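I have placed the structure first, in the form of structure tokens, so that the comments after it can refer back to it.
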Amino acid sequence: MKCIGASKATESFGAGLDRRIHDAEDLERLDGLPAHVAELVRACWELGGRPELEGLRLRAWAHMLGFRGHWSTKSRCYSTTMTALRRARVAFAKRHRARDGIPLDAWDRPEDDQATIVLATWTYVATGYATEGERWLALSAAARARERRWIAREELTTTTASATAA
């Protein structure tokens, strides 16, 4: 029984991999691809022509570098749920953060600390700013941030244009 792995999409490799490859003529039309990617596609096609690898259907999936299906496809010999994967990542992160073998929570407190009280309720407090002064400060900070972004874009455009002209 074969185990199918997972692959990221090939869209980032270029427009040359947007369709299946049907014959050797299609292999000649890989000019728009980076050389390395084109070689991977050709290797997939070549390996797919071998009788002992026919079951892998590499030629049918050469445009995806041999990986068929969606990136999260699960095989018949190994399967798990995304929930189980998320839980495993959380457990790993807790072990990774653990100091002296004691798992810590997100605030670097021992996870089994009984002094921590968790409140799972939210209440509405207010909307907006308490005073006109707070409103003015927030609007001023936002205006300064917009101005800095605009200046940075102008500087980048001017610097890039002058570097290209030189």
Side-chain angles (χ1 to χ4, degrees), residues 1-113 116 118 120 122 142 145-166:
M1 189 177 291
K2 293 181 211 84
C3 293
I4 300 168
S7 170
K8 292 182 180 178
T10 56
E11 290 95 17
S12 59
F13 293 143
L17 291 177
D18 61 354
R19 66 194 180 294
R20 289 184 184 248
I21 297 172
H22 298 288
D23 52 32
E25 286 182 22
D26 288 343
L27 288 175
E28 301 303 320
R29 295 187 211 123
L30 299 176
D31 300 333
L33 295 176
H36 178 69
V37 175
E39 284 303 310
L40 290 172
V41 172
R42 287 186 186 99
C44 220
W45 185 264
E46 181 184 327
L47 291 170
R50 295 183 181 179
E52 66 270 20
L53 300 176
E54 186 177 334
L56 297 177
R57 300 190 61 224
L58 292 173
R59 283 194 171 178
W61 294 98
H63 68 294
M64 294 290 290
L65 307 181
F67 293 99
R68 59 184 183 242
H70 189 267
W71 67 270
S72 67
T73 300
K74 297 177 188 104
S75 72
R76 292 181 184 161
C77 62
Y78 178 79
S79 184
T80 187
T81 63
M82 298 307 272
T83 301
L85 291 174
R86 282 190 291 274
R87 285 182 183 147
R89 279 196 299 270
V90 167
F92 171 80
K94 287 179 181 178
R95 285 192 309 274
H96 187 70
R97 285 194 313 258
R99 294 189 191 127
D100 300 325
I102 301 169
L104 304 176
D105 65 9
W107 296 272
D108 288 335
R109 297 176 299 207
E111 196 173 72
D112 60 353
D113 185 4
T116 303
V118 177
W122 293 83
R146 281 191 303 274
E147 182 180 15
R148 288 183 185 133
R149 282 194 302 271
W150 181 81
I151 291 170
R153 275 194 298 272
E154 287 295 313
E155 287 293 321
L156 184 61
T157 304
T158 306
T159 306
T160 305
S162 62
T164 307

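Along the sequence shown, the residues carry numbers beginning at 1. The structure displayed is predicted, hence computed values, not measured ones.
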Checking side-chain contact (heavy atoms from CB on, under 4.5 Å) between I151 and each of R148, E155, E154, R153, which is the one that passes? E155
Using a 6.0 Å cut-off, check whether atom CD of E52 has over 12 heavy atoms from anything other than its own residue. yes
Distance from M64 atom CE to L40 atom CG, nearest 0.5 Å? 13.0 Å
Roughly how far apart are R59 CZ and L53 CG, rounded to 0.5 Å?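 With rounding to 0.5 Å, CZ (R59) is 11.0 Å from CG (L53).
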Exercise: identify the closest heavy-atom pair between A62 and I21: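 Closest approach of A62 to I21, heavy atoms only: CB-CD1, 4.3 Å.
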Using only atom types and a distance under 3.5 Å, with no angle test, would you say the side chain of R20 pairs donor to acceptor with the backbone of H63?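 A pair under 3.5 Å: no.
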